[in-house]
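Numbering of residues begins at 1 and proceeds along the displayed sequence.
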Amino acid sequence: MWQYQERLAPFRILKLFWARQCQWPPTVRGQPLLLRDSGTVAAFLFQSKDPIEGNVLKLIDFGLSAKFKDGEPMSSRAGTPYYVSPQVLAGKYNHLCDLWSAGVIMYILLCGTPPFFGNNDQEVLAKVKYGNLTFNPREWSGVSQDAKDLVRMLVKMNPSERLNAEQALNHSWIKNRAPRATNAPLPTNFVPRLRKFRCRSKFSKAVLHVIASQLNEFQIKSLRETFLALDNNGDGLLSLTELKEGLSQAGITDLPEDLKEIMEGIDSDGSGVIDYTEFLAATIEKRQYIQEDVCWTAFRVFDLNGDGKITPNEMRMVLNNGNVNSLVDVQATADVLKEVDKNGDGAIDFKEFMTMMRNMSKSMSMDAIP
């Protein structure tokens, strides 16, 4: 699962707590309303694709919400297993059930997994009733104690000990925008990796793009954290300014003079920014892109007729979205064949493809030597 960068999460959580009104529960025509089914997907929607900080988060899907009177507990059982509070399951609750759900949402945003997990709804609900909240070190190692503290005070078994919305809004993590959040460190030889990728052939870049799209969340965890740390406005894209600021914050005061050219070399679609897949393609480690099963999957993307060889036409078809007549890529394809086609048959077989990938790995290792 995906997770938010900690210093951006308060902007969403803050809106969840109705910061502008500083009131809970929300009201419809003056009548207090319990949501009972707040979730990360079903109950909230950003107004636009603008950066998170200046965006508007809207409540949607009031299917299980209900009107209530203060001081009168509710008894109907309704909600989604992951987010429902133990009191709703017990059939005796008030508006603080929504604050439990808010704590669960915050937990998921920060680590990417729910606090109460099971193979089916029955297992999830059993864990919710028990309410044993834990923080897996592997998933929470980069999250501040402030954030964990707020989650603990929201996901409280005893509602009388649970924070209300106004108290949550005044918590330091919300009020000061995650003041102790830390940025993920840059990978070793980060700039040399980017520079080397810029100099690769269009074919090599395309192959790395295919491989990057295959990697699972565990394999790219550290790179994902680095991308999130660099992505200051949370729009899922890296600008030149964000890249410069990220390098400076990592202690690289002497910024590369060719940084703009490096970025342009990574920006394969010419959008002017680096998207997530482009970033992964440029920064994945050699041990990940020289595995034969991974390379075989990438090879088959280019081997359009499945005969075990990549021809110049097939290469151009994939690189140019079906256009085999690009004069620029005719020469580029010839250059790739000259370098990779060792037996001179005018095509690239899988053995030659693997040799190319291993040579890419060796050249990267040499470039990393000071």
Side-chain angles (χ1 to χ4, degrees), residues 2-15 46 48-57 109-112 140-147 172-199 205 208-209 212 217 220-285 364 367-368 370:
W2 188 258
Q3 69 187 96
Y4 267 43
Q5 184 180 345
E6 184 183 345
R7 58 189 174 78
L8 292 178
F11 290 98
R12 178 168 181 174
I13 299 297
L14 180 145
K15 291 176 173 64
F46 282 116
S48 69
K49 294 182 179 180
D50 292 339
I52 294 169
E53 299 94 319
N55 217 319
V56 176
L57 188 68
L109 288 176
L110 291 172
C111 81
W140 286 84
S141 60
V143 181
S144 70
Q145 284 300 129
D146 284 352
S172 64
W173 187 81
I174 291 287
K175 205 169 186 178
N176 301 314
R177 304 292 196 276
R180 294 182 174 83
T182 57
N183 287 330
L186 294 181
T188 305
N189 304 312
F190 180 68
V191 175
R193 285 194 210 179
L194 299 183
R195 183 178 284 117
K196 183 62 183 178
F197 184 84
R198 175 204 168 198
C199 298
K205 289 179 181 179
L208 290 173
H209 269 257
E217 286 298 305
I220 60 175
K221 184 176 185 294
S222 62
L223 292 179
R224 179 190 63 206
E225 291 173 350
T226 300
F227 183 88
L228 291 172
L230 292 171
D231 182 19
N232 284 327
N233 64 6
D235 65 353
L237 303 167
L238 297 184
S239 65
L240 180 60
T241 299
E242 287 175 324
L243 198 54
K244 287 179 178 178
E245 289 176 354
L247 292 174
S248 296
Q249 290 172 5
I252 303 176
T253 53
D254 187 16
L255 296 178
E257 294 181 1
D258 60 344
L259 189 60
K260 183 179 180 182
E261 288 74 20
I262 290 174
M263 181 171 172
E264 290 172 350
I266 298 170
D267 175 24
S268 61
D269 60 5
S271 63
V273 289
I274 299 174
D275 65 32
Y276 187 52
T277 304
E278 290 169 340
F279 177 82
L280 291 179
T283 55
I284 53 177
E285 298 179 13
M364 182 65 234
D367 287 347

Distance-only side-chain donor-acceptor flag, Ser271 / Asp269, under 3.5 Å: yes

Check against side chain to side chain contact (heavy atoms under 4.5 Å, CB included), Leu247 and Phe190: CA-CA 9 Å; Leu247 292 174; Phe190 180 68; 3.9 Å; yes

Validation row: Lys205, Ser268 side chains within 4.5 angstrom (heavy atoms):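 SC-SC contact between Lys205 and Ser268 ruled out.
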
Got a second to check how far [X]'s [atom1] is from [Y]'s [atom2], nearest 0.5 Å?
X	Y	atom1	atom2	result
Glu285	Arg193	CD	CZ	5.0 Å
Lys260	Leu243	NZ	CG	13.5 Å
Leu194	Cys199	CG	SG	11.0 Å
Ile266	Phe279	CD1	CZ	8.5 Å
Ile274	Thr283	CD1	OG1	9.5 Å

Write down the atom of [X], the atom of [Y], and the distance for their closest heavy-atom approach.
X	Y	result
Pro179	Ser172	CD-O, 3.7 Å
Ala212	Ala281	CB-N, 3.8 Å
Leu110	Ala147	CD1-CB, 3.7 Å
Glu242	Leu230	CB-O, 3.4 Å
Gly272	Asp267	N-OD2, 2.7 Å
Asp258	Arg198	OD2-NH1, 4.0 Å

Backbone N/O of Leu259 and side chain of Lys244: donor-acceptor pair under 3.5 Å: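 Not confirmed, Lys244 side chain does not pair with Leu259 backbone.
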
Of Asp235, Leu237, Leu280, the residue whose pairing with Asp275 passes side-chain contact (heavy atoms from CB on, under 4.5 Å): Leu237

Geometric class of the His209/Phe197 ring pair [parallel <30°, tilted 30-60°, perpendicular >60°]: tilted

